[in-house]
J.: 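The structure follows.
In this chain, numbering begins with 1 at the start of the sequence shown. No experiment lies behind these values; they were computed from the predicted model shown. Counting starts at 1 for both ligands and their atoms, in listed order.
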Amino acid sequence: MRDTVATTPFDDQKPGTSGLRKKVARFQTENYLENYVQSVFDCLSGYEGKTLVVGGDGRFHNREATQIIIAMAAANGFGRVLVGQDGILSTPAVSHIIRKHGAFGGIVLSASHNPGGPDGDFGIKYNGENGGPGTQAVMDRVEARSREITQYQIWRDDEVDLSQTGTSKLGSMKVEIVDPVTDYAELMEELFDMDAIAAMFKGGFNFLFDAMHAVTGPYAKAIFCDRLGAPSSAVINGTPKEDFGGGHPDPNLVHAKTIYEAAMRDDGPDLAAASDGDGDRNLIIGKKCFVTPSDSLAVIAANAHLVPGYADGLKGVARSMPTSGAVDRVAEAMGLPMYETPTGWKFFGNLLDAGDITLCGEESAGTSSSHVREKDGLWAVLMWLNILAARKVSVADIMADHYEQYGRNYYARHDYEEVDSQGANDLVTALRASLSDLPGRVTEAGTIQQADEFAYYDQVDESYTEGQGLRVLFEGGSRIVYRLSGTGTVGSTLRVYIERYEPVGGDLTRETGDAIADLITTSRSLAGIERHTGRTEPNVIT
Ligand code: G1P
Ligand code: ZN
């Protein structure tokens, strides 16, 4: 039966962010999740009788939260929920299922690549009917609503059995528990030359995928092993765990060290890859050849025509501002429109919906295309596998060819995590105030040509987004970008993006650390990082 519960609002939801990400303990506070879910429903209209997709990355609290959302959807008048079995659905799978089944929207339970378990993080995101993150306008309304909410609706009944696929009812709402992989695997089948990849595997190609005990395990086993014939040993950490096996499900060289070390060995895999907590990010490493996400986007753009789903070519490409300019060179050579957007996936959604782009990506290991409205980790891995199957050369050869054709953007991101928020804000304020003095200044890394703060006018919805990162551009195409993370849950995280462009004919085979050493030094002195944060070194370099 429907129950109306009186509640008091919480005031720790960050304005301007989409979704909510906090420590598990916070989410376990009485009415905390309920308030947010009701705030989302209160800001939507016309969902009565329609379908809501619900699933998460399997982290601690996923099941309890899934039950609450199902019960609240029933009490608020949704007609049907499509729920992943055991409450599991990857972020790209939710996006696809919303689109395929014409759902009103969906809720993803995840804190992406943040650690899980009782002491870890939990999160919730709302996606709209296009399958992408809720628009900024809707999410701003939700945030405001969450500060004034006084009651929520929930259906009081027996819990739904999440462990079996099938259909049941909660009140008048239909509850369909679906296999998390089926629809997604069918979509991959439509896009890729699965037979060519299977033949490559059969011919001895050595592939290794680290699912990091996160959501992609079941997807990877079904697609790589069952469909494409890779041995079961090709997927490691393939069982989702509530605490990700104690690990940090962030597919970078620090947290996916096992596959990195394997790929650096002579007898290691030809392609090693990983995905994050909710399956939207990707890590690509060839034999003795790490591919930066920025370079991966550029290579995928240059080779997409080799993949059946993209054989007709791309409409355009987009990258987030801090992502390196490697894809710009490809777009220029191919005559494709290139869009530079603020960090975060929602800006790509508008361009994809408008048909302006086919491919997009971020330096933070998110790459995707028009097939969904989220970034998609396994899709990126399949893109690489299909390109490798078509070109029949190694990852290292593909990279060397690419640099010879387009030049090379040496690139690294330095993260100063969990720094004091006041110090981080002071750093940004001081640097912002000095921007107009910077052009013409001679630094260790060369002469500064331009310095500004990135803002973006979205032609599709005519929104204007400011304060998206401080950019320092050097003569010759090098660049340092500073911005504060919007996703950290403790203190502030300062991200410094460092890039040096080496044109065709230059030295294209240097170690990245050497190639950008002067920019690294300059990145610290220019912003007074030690003075403001007390840190002399970043704690994560990707
Ligand atoms: C980070 C990444 C960004 C990505 C977001 C969500 O955000 O940098 O590219 O879209 O996570 O996965 P940030 O913490 O930098 O705000
Ligand atoms: Zn993620």
J.: Can the ring centres of Phe290 and Tyr260 be said to be less than 6.0 Å apart?
T.: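 Between Phe290 and Tyr260, the centre distance exceeds or equals 6.0 Å.
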J.: Who gets closest to atom 1 (C) of ligand 1 by heavy atom: Arg281, Glu362, Arg483, Glu363?
T.: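 It is Arg281 whose heavy atom sits nearest to atom 1 (C) of ligand 1.
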J.: Can you sort out which atoms of ligand 1 are near Gly344, meaning under 4.0 Å from one of its heavy atoms?
T.: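 So the answer, numbered in order with elements, is 10 (O).
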J.: Identify which of Ser364, Ser485, Gly486 has a heavy atom lying nearest to atom 9 (O) of ligand 1.
T.: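 It is Ser364 that holds the nearest heavy atom.
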J.: What do you reckon, are the aromatic ring centroids of Tyr406 and His402 less than 6.0 Å apart?
T.: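 Yes - the distance between ring centres of Tyr406 and His402 falls below the 6.0 Å cut-off.
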J.: Among protein heavy atoms, which lies nearest atom 14 (O) of ligand 1, and at what distance?
T.: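 Result for atom 14 (O) of ligand 1: Thr487 OG1, 2.4 Å.
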J.: Can you name the atoms of ligand 1, numbered from 1 with element, that are less than 4.0 Å from a heavy atom of Arg495?
T.: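 So the atoms of ligand 1 that pass are 8 (O), 13 (P), 14 (O), 15 (O).
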J.: Establish, yes or no, whether a centroid distance under 6.0 Å links the rings of Phe207 and Phe224.
T.: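 Close enough - the centres of the two rings lie under 6.0 Å apart.
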J.: Hey, which N, O or S atom on Asp276 ends up closest to the Zn ion (ligand 2)?
T.: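 Result: OD2.
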J.: Go through ligand 1 atom by atom and flag the ones less than 4.0 Å from a non-hydrogen atom of Arg413.
T.: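 Reading through ligand 1 atom by atom, the close ones are 8 (O).
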J.: Measure from the Zn ion (ligand 2) to every N/O/S atom of Asp280 and report the name of the nearest one.
T.: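 Considering only N, O and S atoms, Asp280 comes nearest to the Zn ion (ligand 2) through OD1.
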J.: Please indicate whether Tyr501 has more than 12 foreign heavy atoms, meaning atoms of other residues, nucleotides or ligands, lying under 6.0 Å from its OH.
T.: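 Yes - once you tally the heavy atoms of other residues, nucleotides and ligands closer than 6.0 Å, there are more than 12.
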J.: Could you tell me whether Trp345 and ligand 1 have an N or O pair separated by under 3.5 Å?
T.: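 No, Trp345 has no N/O under 3.5 Å of an N/O on ligand 1.
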J.: Is the closest heavy-atom distance from Lys125 to ligand 1 below 4.0 Å?
T.: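 No, Lys125 has no heavy atom closer than 4.0 Å to ligand 1.
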J.: For the rings on Tyr219 and Tyr184, is their centre-to-centre separation under 6.0 Å?
T.: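 Close enough - the centres of the two rings lie under 6.0 Å apart.
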J.: Looking at ligand 1, does Ser320 have a heavy atom less than 4.0 Å from it?
T.: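 Distance cut 4.0 Å: Ser320 fails for ligand 1.
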J.: Are Arg413 and Glu363 ion-paired here, with the side-chain N under 4.0 Å from a carboxylate O?
T.: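 Yes, this pair counts.
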J.: Let's go through Ser112 and Asp276 carefully: what are the C-alpha distance in whole Å and the side-chain angles of both, what is the deciding distance for side chain to side chain donor-acceptor pair (under 3.5 Å) to 0.1 Å, and is it a yes or a no?
T.: CA-CA 7 Å; Ser112 190; Asp276 72 331; 2.9 Å; yes
J.: Does Glu186 have more than 12 heavy atoms from other residues, nucleotides or ligands lying within 6.0 Å of its CD?
T.: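 Yes, CD of Glu186 has more than 12 neighbouring heavy atoms, counting only those of other groups under 6.0 Å.
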J.: Mind running side chain to side chain donor-acceptor pair (under 3.5 Å) on Gln459 and Asp356 for me, showing each step along the way?
T.: CA-CA 11 Å; Gln459 296 166 29; Asp356 291 339; over 6 Å; no
J.: Taking the Zn ion (ligand 2) as the vertex, what is the angle from OD1 of Asp278 to OG of Ser112, given to 10 degrees?
T.: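 Here the angle at the metal atom is close to 110°, to 10°.
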J.: Any N/O of Lys375 closer than 3.5 Å to an N/O of ligand 1?
T.: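 Yes; at least one N/O pair falls below 3.5 Å.
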